[in-house]
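Worksheet: one structure, shown below.
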Amino acid sequence: MSRNAADNGKIPRHLAIILDGNGRWARRRGLPRLMGHRAGLRKLEEMVHLVKREGIRYFSVYAFSTENWNRPKMEVDGLMSLFRFYIRRKVEAIKAEGARIRFCGRNDKLPPDLLEQMRWAEERTKDETVLDFILCINYGGRAEIMDAINAMMKEGHEGPVTEEDLRRHFYLPDVPDPDLIVRTSGELRLSNFWLWESAYSEFYFTDIHWPDFDETALKAALENYAERERRYGGLKL
Ligand code: IPE
Ligand code: IPE
Ligand code: MG
């Protein structure tokens, strides 16, 4: 598919993926869950390449939710270590794709050295313009809305609050709403991802576990999206 397809609205400008099924992928192979997370993170570099080739401009992935702190400490610590390792090892390759790395979520609870690395990765890739690669770590849609409200209150906002006011206080106000949200591994829910921003997103669900998601799976999702008729509450002209 070409850039023309993107211009025709046949390709999402913003593709969002809920990376689910790492644990099940590992269990099926008799491996510990963290091996599934490792395989899942490895997948991202390939996806950045494929997504860029499709002419998508914004690619966001849900990698750790505000609710994922409820998992056993061993899994959470392991995930934080994998994030550290992944960022350190992959920033240059992602930069070489022309992708700008951005993180989206709350800073609290994240280990300080990981936060430092996240800021470094953002700084290192800030001039790349082909693709925004957005890693949602410690992200929750409700948290984002509450943080925006509290930021406005702190500024002394007198109200009434408009949608634009709220948006301006979101984590990444310049990023357009996701056109397509893909969730892997068969679960049919949003799990607190892009809560406000998904009001008119198209959804695509696949049973494939995230570490097995590949070019064919991506193409299937995009072909399905290209057939959708988006109306935004209006009538087709
Ligand atoms: C998704 O995989 C990654 C994270 C939520 C961190 P899961 O860990 O949710 O995998 P399943 O759902 O248990 O298979
Ligand atoms: C959603 O997956 C969060 C991420 C993919 C980061 P979960 O596996 O945590 O979601 P639930 O618990 O099945 O809703
Ligand atoms: Mg899951």
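The model shown is predicted, which means the values in this text are computed figures rather than measured ones. Atoms within each ligand, like the ligands themselves, are counted from 1 in listed order.
Put simply, part of Arg71 is less than 4.0 Å from ligand 1, judged by heavy atoms. Residue-ligand proximity: Ser185 is placed with every non-hydrogen atom at 4.0 Å or more from ligand 1. Within the structure, the closest approach of Gly36 to ligand 1 does not fall below 4.0 Å when heavy atoms are considered. Residue contacts with ligand 2 include Arg183, since one or more of its heavy atoms lies under 4.0 Å from the ligand. Using a 4.0 Å heavy-atom cutoff, Arg33 is listed among the residues neighbouring ligand 1. Residue His37 places a heavy atom less than 4.0 Å from ligand 1.
The protein heavy atom nearest to atom 5 (C) of ligand 2 is Leu19 O, 3.3 Å. Protein heavy atom at the shortest distance from atom 12 (O) of ligand 1 is Arg24 NH2, 2.7 Å. Of all protein heavy atoms, the one lying nearest to atom 10 (O) of ligand 1 is Gly23 N, 3.0 Å. Taking atom 9 (O) of ligand 2 as the reference point, the nearest protein heavy-atom neighbour is Asn68 ND2, 2.9 Å. With respect to atom 2 (O) of ligand 1, the closest heavy atom belonging to the protein is Asn22 N, 3.3 Å.
A donor-acceptor pair under 3.5 Å is formed between the side chain of Glu144 and the backbone N or O of Tyr171. Proximity of a side-chain donor or acceptor of Asp20 to a complementary backbone N or O of Ser185 within less than 3.5 Å is not detected. Side-chain atoms of Asn192 come within 3.5 Å of backbone N or O of Gly141 as a donor-acceptor pair. Judged purely by atom type and a 3.5 angstrom limit, His169 uses its side chain to pair as donor or acceptor with the backbone of Asp165.
Proximity of Ala63 to ligand 2, defined as any heavy-atom pair under 4.0 Å, is confined to the backbone N, CA, C and O atoms. Only the side chain of Arg189 comes within 4.0 Å of ligand 2, counting heavy atoms alone; its backbone N, CA, C and O stay farther away. With a heavy-atom cut-off of 4.0 Å, Phe193 does not touch ligand 2 at all.
Counting protein heavy atoms under 4.0 angstrom from atom 7 (P) of ligand 2 gives one or more.
For ligand 2, the atoms closer than 4.0 angstrom to any heavy atom of Ile18 are 5 (C).
Taking 2.8 Å as the threshold, Glu187 does not count as a candidate ligand of the Mg ion (ligand 3), since none of its N, O or S atoms lies below it.
Using cut-offs of 30° and 60° for the angle between ring planes, the Tyr62 and Phe193 rings count as parallel. Relative ring orientation between Tyr200 and Tyr232 is described as tilted, the plane-to-plane angle lying within the 30° to 60° band.
Of all N/O/S atoms in Asp20, OD1 sits nearest the Mg ion (ligand 3).
Minimum heavy-atom separation, Lys126 to Arg100: O-CD, 3.9 Å. Taking all atoms of both residues into account, the shortest heavy-atom contact from Glu202 to Arg230 is OE2-CG, 3.3 Å.
Checked by distance only, ligand 1 and Trp25 stay at 3.5 Å or farther apart across all their nitrogen or oxygen atoms. The shortest N/O to N/O separation between Ser65 and ligand 2 does not fall below 3.5 Å.
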(request) For salt bridge (charged side-chain N to carboxylate O under 4.0 Å, His left out), just list the numbers for Asp212 and Arg28, CA-CA rounded to whole Å, side-chain angles, deciding distance to a tenth of an Å, and then say yes or no. (result) CA-CA 12 Å; Asp212 287 332; Arg28 193 179 271 184; 5.3 Å; no
